[in-house]
Amino acid sequence: MFKLAFVETKLLTREPGALFSLLIPLFILVVFGSSIEPGDTVLLPMALAIAVGLVGLYLLPTTLAAYRERGVLRRLSTTPVRPGSLLMVQLLLQLVLAVTACALLVTVAGTVLGAHLPTAAPAVALVFLLGTASMFAVGLLVAALAPNGRAANGFGVLLYFPMAYLAGLIQPRDQLPELVARIGEYTPLGAFGQSLRDVWAGTAPSPLLLGVMAAYAAVISVAAARLFRWE
Amino acid sequence: MAVIEVTGLRKTYAGLTVLDGVSFSVGEGEIFGLLGPNGTGKTTTVECVEGLRRPDAGTIRVLGLDPVKDGRRMREQIGVQLQQTQLPENLKVWEALDLYASFYARPRDWRELLAEWGLADKRDTRFAKLSGGQKQRLFIALALVGGPRVVFLDELTTGLDPAARRATWELIKRVRAGGVTVVLVSHFMDEVEELCDRVAVLDRGRVVAIDSPDGLVGDAHQMRFTLLGDDEVELDGVPGVTGVSRTGNRVVVTGRGDFATAVTAHLARHHVLVSELRIDKRTLEDAFTALTGRSF
């Protein structure tokens, strides 16, 4: 199990997609970061939501669906180790990757760009946990439904852009039509983004949005588990 | 002692009967073949035995263990090479062996396997960069890394060129020489003829025969020649002859055992002159056609 985790970590570092998930949000942060006021509370939450969204919607399903497509999970079923172990290892690794991406963003934003960093650590952790859980659940559902790695990649991208738009990550929320913005707030990525902005603005995250994220995480991951095919 | 015991295996997918009462047993140290055209239930059979699929009915024992109930203990002792599996593209050869070795309680030293299977100089090569033959050798090495008592090899040489196929056959013989029982799934007659001690011939989800390749082929031969004169020849009474057919001057004689010598002696005694004399051995393919009533 330890060796499996170690080898999967090595494979992840050889995966260009992993590097992209780290660099794309960082690139966005740095490009827009040059024009922010010190103590900005908007840009960093946006970059964090993008980072978690990329890992959950793009990297996670692509990796898992490719493992199924290539028969890696089936081959593992013939050894004393169960293929479920590989899924667990992958989930943990992708979580570590999401945390790393966010830590990188927070560090750069806090030091170089002088953006605002919230002090309410428990609230930040809770929002991050629920947001990541709901994004990963969507990613798992994509992995369950996609026939192969390439399709998972396509579905992930297809889902990412509308979700990012509804979440106000592509253009600011106040420029979206009122109705779209209202709906967007209750999408997984939208609830995550809004909760992050709340925490950054110094207010407590809305219990309703936290509940929305928890509900997405629970319902969608149950659906993914039921629909997941090992081969 | 039987290493594998399969009795009355049945499996239906969406109303389609894939396995219809498959039974066979494999003895220790055998190379046992499952032979049949594609889509005849070979792979389903072997996947049930490996515990990847659950049969609808029938019993399976591998080393005395039930693949469903004692799956984990069974998987400790078997090695599997599956049809159409790949490894992650960026996994290096040594990492794959090291990783798979870690899955088993008493693995073999993977460095030994690396040398044994001619992969020592590919140690640090990523899976995606290996040739077809190298990938196959790695898959066999991975099937052996747990120190199994039985290995299952499914369509091992499909897609390999003739030289690589021959080389792979030699490797399989070495696996058995190392004391490992081998179950070989194949649709290649020559492969089965070359390697297997015994073969189960599958057709439409049933076992239609179990025998050694020689036993399946039998000792039936065919002899053909052209008569040079217009003599009448009477060969029906010659020892071993089972059939004679004549079209113009072309004669085809089938028979068993040493019938060919008897026929030539008979012809000489009666001063019958012939040319273009040929003796053909029946092939496994002929045997298959005779067993199933359809060509392979």
Side-chain angles (χ1 to χ4, degrees), chain A residues 1-21 59-94 97 143 147-153 228-231, chain B residues 43 46-54 62 67-68 70-92 94-107 110 124 126-128 135 138-139 142-148 150-154:
Chain A
M1 195 67 180
F2 171 75
K3 190 153 268 170
L4 188 61
F6 182 60
V7 170
E8 289 300 316
T9 310
K10 280 205 259 186
L11 286 176
L12 192 65
T13 60
R14 289 173 199 162
E15 180 60 51
L19 198 63
F20 286 136
S21 315
L59 202 57
L60 179 69
T62 305
T63 311
L64 292 185
Y67 275 5
R68 180 181 51 222
E69 180 194 3
R70 295 175 75 81
V72 174
L73 297 177
R74 242 161 76 78
R75 179 63 183 84
L76 218 53
S77 308
T78 68
T79 72
V81 170
R82 307 308 291 154
S85 322
L86 183 60
L87 290 195
M88 287 311 295
V89 165
Q90 270 300 330
L91 274 175
L92 283 174
L93 271 184
Q94 304 279 351
L97 186 72
N148 55 50
R150 216 170 294 171
N153 195 333
F228 194 83
R229 289 162 295 124
W230 293 102
E231 52 189 75
Chain B
T43 295
V46 82
E47 286 182 348
C48 286
V49 177
E50 293 159 354
L52 282 175
R53 295 178 195 284
R54 284 174 186 225
V62 179
V68 176
D70 311 309
R72 203 195 142 88
R73 276 173 67 203
M74 182 196 79
R75 288 192 297 272
E76 274 287 348
Q77 302 180 66
I78 67 168
V80 174
Q81 173 261 325
L82 294 170
Q83 212 179 330
Q84 291 162 353
T85 31
Q86 305 281 310
L87 292 170
E89 287 186 1
N90 290 326
L91 193 62
K92 293 176 183 172
W94 80 266
E95 289 170 339
L97 284 162
D98 186 37
L99 176 65
Y100 274 72
S102 77
F103 296 161
Y104 298 89
R106 284 176 303 279
W110 58 262
D124 295 320
R126 295 180 183 203
F127 179 77
K135 283 179 183 170
L138 176 58
F139 285 137
L142 285 176
L144 294 172
V145 80
V150 192
V151 289
F152 298 88
L153 306 172
D154 194 350

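Below, chains carry the letters A, B, ... as their sequence lines are ordered, and counting in each starts from 1.
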Of the backbone (N, CA, C, O) and the side chain (C-beta and beyond), which part of L87(B) lies under 4.5 Å from a heavy atom of chain A, both, or neither? backbone
What residue in G51(B), S102(B), P148(B), G146(B) has the most heavy-atom pairs under 4.5 Å with chain A? S102(B)
Are side-chain heavy atoms of V62(B) and D70(B) found at a separation under 4.5 Å? no
Return the option, out of K10(A), E69(A), E15(A), K3(A), with the maximum number of heavy-atom pairs under 4.5 Å with chain B. K3(A)
Using non-hydrogen atoms and a 4.5 Å limit, figure out which bit of F152(B) sits close to chain A: side chain, backbone, both or neither. neither
Parallel, tilted or perpendicular: which describes the rings of F2(A) and F6(A), with under 30° parallel and over 60° perpendicular? parallel
Are side-chain heavy atoms of R72(B) and R75(B) found at a separation under 4.5 Å? yes
Can you establish whether the number of heavy atoms outside R229(A) located under 6.0 Å from its atom CZ is more than 12? yes
Salt bridge present between E47(B) and R74(A) (N-O < 4.0 angstrom): yes
Segment of V7(A) engaging chain B (4.5 angstrom heavy-atom cut-off): side chain
Need one label for R126(B): side chain, backbone, both or neither, based on atoms under 4.5 Å from any heavy atom in chain A. side chain
If you count heavy-atom pairs under 4.5 Å with chain A, which of Y104(B), Y100(B), F103(B) comes out on top? F103(B)
Member of L92(A), L4(A), L93(A), L97(A) meeting the side-chain contact (heavy atoms from CB on, under 4.5 Å) criterion with T9(A): L93(A)
